[in-house]
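Data block below; observations after.
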2 protein chains.
Amino acid sequence: MKHYDHPLAEDLQLSCLLYALSDPFRLEVVRKLAVCQPQPCAPLQDGRPKSSVSHHFSVLRKAGVIRTEVVGVTHMNSLREQELQSRFPGVLSAILAALEVPQP
Amino acid sequence: MKHYDHPLAEDLQLSCLLYALSDPFRLEVVRKLAVCQPQPCAPLQDGRPKSSVSHHFSVLRKAGVIRTEVVGVTHMNSLREQELQSRFPGVLSAILAALEVPQP
DNA sequence: CCATTAGTTCGATTATAGTCGAACTAATGG
DNA sequence: CCATTAGTTCGACTATAATCGAACTAATGG
């Protein structure tokens, strides 16, 4: 049974969090996860090769943005909202809110 | 009289903002500006060569984080707080607040 | 137990960013 | 008007990150 390492909330760095969220593809993954959680990687691929998608999920995981749990053959991802809230209060929620008021 | 281009608030991209803030040096500049504003570049150099510092200020400027005004021989920088607040409500303020509760 | 599914890992390639010295510019002060 | 100050721009180099195919792995279902 494969498992993932998830950094402790207290070990997260704000700059790493912001970096993880600074990529449009990753930001879109986070937005979609906020809407429907947990979710496997596959429906979030958006046409990219699996290896790229896996890389982006790994960045999000290492930054503490998502938690991935192996459930049978799929890997279910969810946002670490409460932990991020306690470590960096208001940061993720403000970013999620800003994503809901878009512009082209 | 040299002047700088500052993007309109409505043209700012969240991913660019987060990218600009994802660098520890730039984040530190922003933190210092939040404390004392406006400020020239020089006291924020932190031992780096001028060309590197200038590059980081340029990234912050293009992302809409700072506004730079030429005042005589110095270039005064300030945060575009109210504009960022209207474009991405709560994002910058949450990040600034998170910077005040540090950890090594 | 074999094929399938879901995702990871590897390795190579390319693209993007950061770093730094050196030359440049614009405003000021003597 | 020359020297100084404050910062920019340029160009080269380096480092970091993204991309993608191919091989791999672990769980499941027939």
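Keep in mind that this is a model prediction, so the values were computed, not measured. Numbered from 1 within each chain, the chains take letters A, B, ... in sequence-line order.
Atom NE2 of His3(B) and atom P of dG7(D) are 18 Å apart (whole Å). Atom NZ in Lys50(A) sits about 15 Å away from atom P in dA26(D), given to the nearest Å. If you take CG of Leu27(B) and P of dG18(C), they are 14 Å apart, rounded to a whole angstrom. Between the CZ atom of Arg26(B) and the P atom of dA17(C) there is a distance of 9 Å, given to the nearest Å. Regarding Phe25(B), its CZ atom lies at a distance of 19 Å from the C1' atom of dT16(D), rounded to whole Å. Per the geometry, CD belonging to Glu69(B) stands 16 Å off C1' belonging to dA27(C), to the nearest Å. Between the C1' atom of dG7(C) and the CE atom of Met76(A) lies a distance of 14 Å, rounded to the nearest Å. Between the NE2 atom of His55(B) and the C1' atom of dG7(D) there is a distance of 15 Å, given to the nearest Å.
By the 30° and 60° cut-offs, the orientation of the rings of Tyr4(B) relative to His75(B) is perpendicular.
OP1 or OP2 of dA17(C) has not a single side-chain nitrogen or oxygen of Tyr19(B) nearer than 4.0 Å. Taking 4.0 angstrom as the limit, Arg48(A) places a side-chain polar atom (N or O) nearer than this to OP1 or OP2 of dT19(D).
Picking from dG18(C), dA6(C), dG21(C) the nucleotide with the shortest atom distance to the side chain of Val73(A) gives dA6(C). Candidate nucleotides dT5(D), dC20(D), dG7(C) were compared by shortest atom distance to the side chain of His75(A), and dG7(C) ranks first.
Mapping Thr74(B) and Ser51(A) onto DNA chain D by nearest heavy atom places Thr74(B) at the nucleotide closer to the 5' end.
In terms of heavy-atom proximity, Leu12(A) sits nearest to Ala63(A) at CD2-O, 3.5 Å.
Residues Leu96(B) and Leu92(A) fall within the same hydrophobic cluster, defined by Ile, Leu, Val, Met, Phe, Trp and Tyr side chains chained together at heavy-atom separations under 4.5 Å. By the criterion of side-chain heavy atoms lying less than 4.5 angstrom apart, applied directly or through intervening Ile, Leu, Val, Met, Phe, Trp or Tyr residues, Leu17(B) is grouped together with Phe25(B) in one hydrophobic cluster. If you chain together hydrophobic residues whose side chains sit under 4.5 Å apart, Leu99(A) and Leu60(A) fall into the same group. One hydrophobic cluster, built from ILVMFWY side chains closer than 4.5 Å, cannot hold both Ile66(A) and Tyr19(A); they sit in different ones. Note on Phe57(A): it clusters hydrophobically with Leu21(A), by side-chain heavy-atom contacts below 4.5 Å among ILVMFWY residues.
When base pairs are accepted only as Watson-Crick or G-U wobble with both N-N or N-O distances under 3.5 Å, DNA chain C takes part in stems of 3 or more pairs at C:1-30 with D:1-30.
Looking at Ser52(B), its side chain has no donor and acceptor atom pair within 3.5 Å of the base of dG18(C). Contact of Ser54(B) with dG7(D) (side chain to base): no donor-acceptor pair of N or O atoms is detected under 3.5 Å.
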